Amino acid sequence: MKKLVHKGWRPALVLILLLIIWEGSCRMFGVPDWLLPAPSLIWQEAISGWSQYSHHLFSTIQLTLLGFTIGSSFGLFVAIVLHMIPKLREAISPLLILSQNIPIIVLAPLLVIWFGFGWLPKVIVIVLVCFFPIAVAAMDGLRQTNQELMHYMKMAGASKGQIFRKLQWPHAIPSIFSGLKISATYSVMGAVISEWLGANEGIGVYMTLASSSFRTDRVFVAICLIMVLSLLFFGIISWIEKALTKWQSKEADQQHG
C-alpha cells in the first residue's frame, strides 16, 4: 500500500490540478453545460443517475468478462499450437499480423449482417480485440526461454512435453500476463464498440442515448465508467500476476543480493 501511495501521488496530484483548472475554466468563462459540463456536474450525475446506468454497467461487465475469457483462452491456445509447430507458425503468423490491420469498426457491421443482433457478434468483436495481444505476447515469451537450460534438459533426455511444462511455460508467464493486461483493457473498449452496433443495454447504449439527447454529462459519466472498468481489470490481472510470479521475484532478489 505504501509503495502504491509513493508511486501514485504524483499522477493523482496532476489529475487533481487538471480537474481544478477544468472546473475553474467552466465557471469563469460560463461554458454551457451541454457543451462541456464541469467535473462537479459530472460527479453529481454519476451519483444521482446510478439507477439510470447501473444495468448498463453490469451488462457491459458480463459481456466483457465473457469476451475476455474466450479471447484470452483462444489466443493462448493458438500461441501454444504455433509454438509447438514452427512450420505452421511461419505460415500463420503473417496472416495474424495482417488481420490486425483491419479496423474492428469496419468488421463489426459485417458481423451483425452475418450473425444478427444477438450476443454472438458482440462476443466475436471482443474476442478479436483480445486475441492478438495475448497470442503475440505468449509466442514471444515461449520463444525467449533460456537456451542453456533447454540444452541441459535435452541432454538429460527430457521430452518435448516436459521441456514445455517445466521450462518454457513457467518462463513465459510474465510475457503472457503482459498480453493479458493489454487484452483486459482492450476488452472494455471492444464491448463498448460492439454495443454501439446494436444492443438493448450496455455502456455503449447508454453513451449513444446520452449523446443523441445532448446529455454531455452522461457521456462523460460513461467515459469515466469505461476508464474505471479498464483500470479495475488491469489491476486484477496485475494482482494475479504478482501472486503467481513470486518465485521469479525471489530469484531476482537472490541474484542481486
Side-chain angles (χ1 to χ4, degrees), residues 1-19 22 39 42-43 45-47 49-50 53-76 79 104 122-123 125-138 140-141 169-195 201-204 206-207 219-253:
M1 188 65 186
K2 287 182 179 178
K3 191 181 289 184
L4 182 65
V5 173
H6 180 70
K7 288 184 178 179
W9 73 269
R10 289 185 180 86
L13 181 63
V14 172
L15 179 62
I16 291 170
L17 286 174
L18 287 175
L19 290 175
W22 181 356
I42 297 170
W43 175 253
E45 178 58 31
I47 299 298
W50 168 253
Y53 64 79
S54 57
H55 63 287
H56 292 295
L57 177 62
F58 292 130
S59 175
T60 298
I61 290 174
Q62 290 176 352
L63 186 63
T64 302
L65 289 176
L66 179 62
F68 173 72
T69 304
I70 296 174
S72 300
S73 304
F74 185 55
L76 268 179
I104 292 297
K122 301 176 185 60
V123 172
V125 168
I126 304 171
V127 168
L128 291 174
V129 169
C130 296
F131 162 77
F132 189 71
I134 181 63
V136 171
D140 283 345
W169 176 257
H171 282 81
I173 285 178
S175 298
I176 292 171
F177 271 102
S178 297
L180 284 173
K181 284 186 279 190
I182 296 171
S183 296
T185 53
Y186 284 3
S187 62
V188 181
M189 179 191 67
V192 173
I193 290 174
S194 68
E195 290 164 353
E201 56 184 3
I203 295 177
Y206 175 75
M207 184 181 283
V219 174
F220 276 102
V221 170
I223 293 171
C224 292
L225 291 175
I226 293 168
M227 292 169 63
V228 169
L229 276 183
S230 299
L231 286 173
L232 181 64
F233 289 151
F234 186 91
I236 291 172
I237 299 294
S238 299
W239 180 79
I240 296 173
E241 180 187 13
K242 284 184 180 176
L244 293 180
T245 58
K246 282 183 178 176
W247 58 275
Q248 282 203 331
S249 301
K250 290 179 180 176
E251 282 185 359
D253 292 340

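In this text the structure is predicted, and so the values were computed from the model without any measurement.
Legend: residues meeting side-chain hydrogen bond (donor to acceptor under 3.5 Å, both in side chains) with Thr64, ordered by chain and number and at least two apart, are absent. Remark: Leu18 pairs with Val14 by the side chain to side chain contact (heavy atoms under 4.5 Å, CB included) rule, at least two apart or across chains. For Trp43, the side chain to side chain contact (heavy atoms under 4.5 Å, CB included) partners two or more places apart in sequence, or in a different chain, are Ile47. Scored by the ring pair (Phe, Tyr, Trp, His ring centres under 6.0 Å) test, Phe68 finds no partners at all (sequence neighbours excluded). For Phe74, the ring pair (Phe, Tyr, Trp, His ring centres under 6.0 Å) partners two or more places apart in sequence, or in a different chain, are Phe131. Remark: Tyr186 pairs with Val129, Pro133, Ile182 by the side chain to side chain contact (heavy atoms under 4.5 Å, CB included) rule, at least two apart or across chains. A search for side chain to side chain contact (heavy atoms under 4.5 Å, CB included) contacts involving Glu201 returns His55, His56, Ser59, not counting sequence neighbours. For Trp22, the ring pair (Phe, Tyr, Trp, His ring centres under 6.0 Å) criterion is met by Phe220, not counting sequence neighbours.
We find the CD1-CG distance between Ile193 and Leu128 to be 11.0 Å, quoted to the nearest 0.5 Å. The CG atom of Leu76 sits 4.5 Å away from the CD1 atom of Ile134 when rounded to the nearest 0.5 Å. One distance of note links CD1 of Ile176 with CG of Asp140; it measures 11.0 Å at 0.5 Å rounding. In this structure, CD1 on Ile126 lies 10.5 Å from CE on Met189, to the nearest 0.5 angstrom. Residue Ser187 holds its OG atom at 8.0 Å from CG of Leu65, rounded to the nearest 0.5 Å.
Contact record, Ala172 with Gly141: CB-C, 3.5 Å, taken as the closest heavy-atom pair. When all heavy atoms of Ile203 and Glu195 are compared, the pair lying nearest together is N-OE1, 3.1 Å. Here the shortest heavy-atom pairing between Ala191 and Thr60 reads CB-CG2, 4.1 Å. Between Val125 and Ser194 the shortest heavy-atom distance is CB-CB, 4.1 Å. Counting all heavy atoms, side chain and backbone alike, Cys130 lies closest to Ser183 at O-OG, 2.9 Å.
Residue pairs that meet the salt bridge (charged side-chain N to carboxylate O under 4.0 Å, His left out) test with at least one member in residues 228-240, sequence neighbours left out, do not exist here.
Proximity of a side-chain donor or acceptor of Tyr206 to a complementary backbone N or O of Leu57 within less than 3.5 Å is not detected.
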Expected list for residues 221-241: side-chain donor-acceptor pairs under 3.5 angstrom, two or more places apart:
residue	atom	partner	partner atom	Å
Ser230	OG	Ile226	O	2.9
Ser238	OG	Phe234	O	2.9
Glu241	OE1	Lys181	NZ	2.9

